[in-house]
2 protein chains.
Amino acid sequence: MGETIKDLTRTHRCGEVSLADAQNKVTIMGWVQKRRDHGGVIFTDIRDRSGIVQVVFNPEQGSKLFEKADTLRSEYVVAIVGEVEARPEGNINPEIATGEIEIKAEELRILDQAKTPPIQIEDDIDTGEDVRLKYRYLDLRRPKMTKLMQLRHQITKTTRDYLSEKGFLEIETPILTKSTPEGARDYLVPSRINQGHFFALPQSPQIFKQLLMVSGLDRYFQIARCFRDEDLRANRQPEFTQIDMELSFVNKEDIFAITEGLMQEIFALADIDLPEQIEWLSYQEAMARFGSDKPDLRFGMELKDLSAVVAESDFNIFSGTVKNGGQVKGINFKGGADSARSVIDGFEDYVKLFKAKGLAWIALKEEGLKSPIAKFLSDSELAAIQQELDAEPGDLLLLVADKPKVVAAALGNLRLKIAHENDLIPVESYKFAWIVDFPLFEYNEDEDRFVAKHHPFTAPVEEDIELLDSDPAAVRADAYDLVLNGEELGGGSIRINNRALQEKVFSALALTPEEQQDKFGFMLEAFEYGTPPHGGIAFGLDRLMMITGRTDSIRDVIAFPKTQRATSPLTDAPSQVAEKQLHELGISIRS
Amino acid sequence: MGETIKDLTRTHRCGEVSLADAQNKVTIMGWVQKRRDHGGVIFTDIRDRSGIVQVVFNPEQGSKLFEKADTLRSEYVVAIVGEVEARPEGNINPEIATGEIEIKAEELRILDQAKTPPIQIEDDIDTGEDVRLKYRYLDLRRPKMTKLMQLRHQITKTTRDYLSEKGFLEIETPILTKSTPEGARDYLVPSRINQGHFFALPQSPQIFKQLLMVSGLDRYFQIARCFRDEDLRANRQPEFTQIDMELSFVNKEDIFAITEGLMQEIFALADIDLPEQIEWLSYQEAMARFGSDKPDLRFGMELKDLSAVVAESDFNIFSGTVKNGGQVKGINFKGGADSARSVIDGFEDYVKLFKAKGLAWIALKEEGLKSPIAKFLSDSELAAIQQELDAEPGDLLLLVADKPKVVAAALGNLRLKIAHENDLIPVESYKFAWIVDFPLFEYNEDEDRFVAKHHPFTAPVEEDIELLDSDPAAVRADAYDLVLNGEELGGGSIRINNRALQEKVFSALALTPEEQQDKFGFMLEAFEYGTPPHGGIAFGLDRLMMITGRTDSIRDVIAFPKTQRATSPLTDAPSQVAEKQLHELGISIRS
């Protein structure tokens, strides 16, 4: 049993004691970070959330106190009363905030003892992630992790302050809701009272936030937990958090202005400046120049269209592709001409992952041009290719001929791979862009039907509504994504606010009237009672945290994350449950 | 399809247009609340979240505009551009904020039409709750409901501002977590990746918030969604929201101070003042005087102990009860002497619900004392009873003789029933109290073992720790509830921060070492690595909302609540799901 703190009051957090407190008596409480004995005196660093402070136990203060201090070990929890003293000139530690002072201990209470922890409580450790997650309560003691939790609090607080100021109401939407078999896989919750029926955990509050606009609540936001039962990729979690908002009586420009103001405040917490005005890129242009709808704008190496240059070439692989509606495009790996053959082979293997049939290359070496395809191209074609790609001696030109979608994916990804492998991306560079004018529909070849590029509630751009019947593939969505450094920070759209148009879009998505009624009947009905023009946007808080917290693991920014197998090594969730529980729910485990 | 707002910008919310805007052009957007034609002019009230404003369409402004205005029906969504004009003296409406002005319409756009809604969009309606929940998006348009949603936003915002100011960090804890078969019934979520295993939705973040204290995060809060799969009583919901906090290095007095500050700010939003200092009542005293650990202090009618007075009575029902360790107690229903016999019989039936064997009564009528038990009592006993109960002519004295627990429940509840039925409770009276010194354990006769009065992590009062072995029933918990007007607003405790003590308490609760390890092993282990003294408290946000919002239905304070059958008439959740989904989860429905 530890000693009592009943009669003590903490006066300072450890990291907050300063020279201004010199000669004053203070009471601090925290963990023993380290202890060392020097010249018959015991020096300890005491740590709490705010930082560390040095406490000195001197035998002159009494042998009982000194003997007690001699029992201190790492991670013991202590309360210390003592006088703050300025450190002598030579002992000042400029690396910590409290480095100008130390506390001369007068009283020590040991509030709890501690075993040697399985994780070092310091920033740079190489402990495996499994151990860190099992002992998460120790991992979170590390200053780096503590700071990430503080940053997360600051970001959500800043978001709430900002949006409240702009007239948004935070409104909670249900966690136990209805399964909507569009989108990702739902987590299901069996109902005990209504056996054979299931709730679903929400993939997003989309439907509810639109209903709140029908309710006239005008501006809604929520920092909302969302759930997707997917096989987990590296930085996905079964439950994640979204900054979610919806506004009535607005255009996308209004939403952009509010969002940019919010991002400015959030990124300022991490000393990252936003540009005065975030640039807009159409989906078409982003795909054309970067092969991606979330382009990384921190470096060049843009995709150049060589189709016109090779359309009449004798090299049939190029000219034939163009004739069949395909493209020939290339990128210029500056200074890459001397890449080993194995490296170039690696590039080719890589583009094949994106269904490209092959990768053509032209190396502009000092000693002259080297390329397996040069012999099939005329001098003027070779010259035009170099000119289009702004090529100089030393460059490596990489070309793909294929369907536009394959060319974009292959070269867009190759561009990123080369940039990452060759350190072409400047550090601490932040390039934002709005991507607009997405297509409303995307053709799904497997299912032989159109699917929604965003989701089925997205409004078409007003001018394109008339194309819904005649040329659905050409209809642009009034949708937008905010991208940063090749990542999608968030996305949203202006929504459909009219039953007839919503039905038309559902039909274009090949939903039968029965399916529309079954899945979205209540939504269609809501649209009949006076629905305002509205739109919204949602941001992944966990990704915002990773960027502002400058970490590349999503598990660093969530207090109690799950593994990639969707388990918690800390609590052992998910776990087996009593047969009685399943019986009450009217379900059984398939054998 | 509605008209566009692309080229329009709303300049004011409806309720915010004022005399200061006179002669200015404004653009408002909202719903047609009502429309009336008078003297060849069309008057409409346009409504949004902020209130209503009157818009006038005059044929002089052009016949096309007037004809369009003539098509307006209730709940049409419109945008109106017009000039603000002061109303002539006689037409001022002091009942609405915008009653001094009207808008002379110059342009009207119909953004969406509307069918006649199945709910009147006004405060006082008698529409059944089922209809209100099915058309929740219309119900929320009613000003009363809109205001409740605004109040909920204000309360959570105020809570976050206040706690952030006090150094708390808001930290999200998992929704997909581990089933803990203590407490209420868990909602379960089958795991697809780990078939045969289940997540549970949290009944509270208790374990995680304590682990955050082990992590050194010092002060945690969360406005947390919690889940209980219980048969629903009137004001329970399957998912509900808790203002949840936990602090390190504090005593309960520190927690009281922070809580009182928070309550002050929350109740101020509803113009309710808190006392300078909230009074403390021990559990013992609350039970003795009010028969309840959440006493309603707005009125008297306290329970008086008559045991000493009747201990030697010839009336064996009284004296025998006292001799067997029971009690005789009474309450005084002032002015109730003339209650009809059927009313008194009703009281007796009522106390029997709480296991009382009967109810004795003494009516002090004008014409003399009337009582079926008077003949068994001596004059001095009768006089002493009247004196203890402060009785006067006109009073009705109601007595119960039974085990202390039964007496408290019977008279405590009868006291409330009489007060409610006879309007003895002053309106707009708010009486707060801290209830302290709860017993740590409660004996459960059915299970023949002690159970935790609060939860098993609650610390015993320091001085009582030594009684854990010798007299567990006498051990007081370092726990507290904040009660208001007979309702528990919230409760909490100082927690155990030491493995040995935690094990001792688990053992007193008859958990075997194996069960302790299986259920709480990770928690016990965490306590070994240096755990600070800590404690916390949690408040039911929905109940706070009901009190401050002055409504008696929990379903009024939640945007999308469920029925008492735990269903959503709006979305039809829970619903049947595809067999494929169950198959993927490895579960089946029992037939």
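Proteins come first, then strands; the chains are lettered A, B, ... in the order of their sequence lines, and each starts at number 1. Just so it is clear, the structure is predicted and the values come from calculations on it, not from any experiment. The figures that follow rest on heavy atoms only: side chains count, while hydrogens, waters and symmetry mates do not.
Neither the backbone nor the side chain of B:S568 has a heavy atom closer than 4.5 Å to any heavy atom of chain A. The contact between A:R160 and chain B is made by backbone and side chain atoms together, counting heavy-atom distances below 4.5 Å. At a 4.5 Å heavy-atom cutoff, A:I119 makes no contact with chain B through either its backbone or its side chain. With a threshold of 4.5 angstrom between heavy atoms, A:V250 approaches chain B through N, CA, C or O but not through any side-chain atom. Using a 4.5 Å cut-off between heavy atoms, A:K157 contacts chain B through its side chain alone, with no backbone atom that close. No part of A:M523 comes within reach of chain B, as not one of its non-hydrogen atoms sits under 4.5 angstrom from that chain. At a 4.5 Å heavy-atom cutoff, the contact between A:E584 and chain B is made by side-chain atoms alone. For B:A526, the parts lying near chain A are the backbone and the side chain together; criterion is any non-hydrogen pair under 4.5 Å. Heavy atoms closer than 4.5 Å to chain B are found nowhere in A:I121, neither backbone nor side chain.
Of the listed residues A:A559, A:P117, A:P174, A:P118, the one with more heavy-atom pairs under 4.5 angstrom with chain B than any other is A:P174. Your options are B:Y76, B:F527, B:Y187, B:F208, and the one with the most heavy-atom pairs under 4.5 Å with chain A is B:F208. With chain B as partner, the option from A:R192, A:K562, A:K178 having the largest number of non-hydrogen pairs under 4.5 angstrom is A:R192. In terms of heavy-atom pairs under 4.5 Å with chain A, the best-connected choice from B:D231, B:L501, B:T9 is B:D231.
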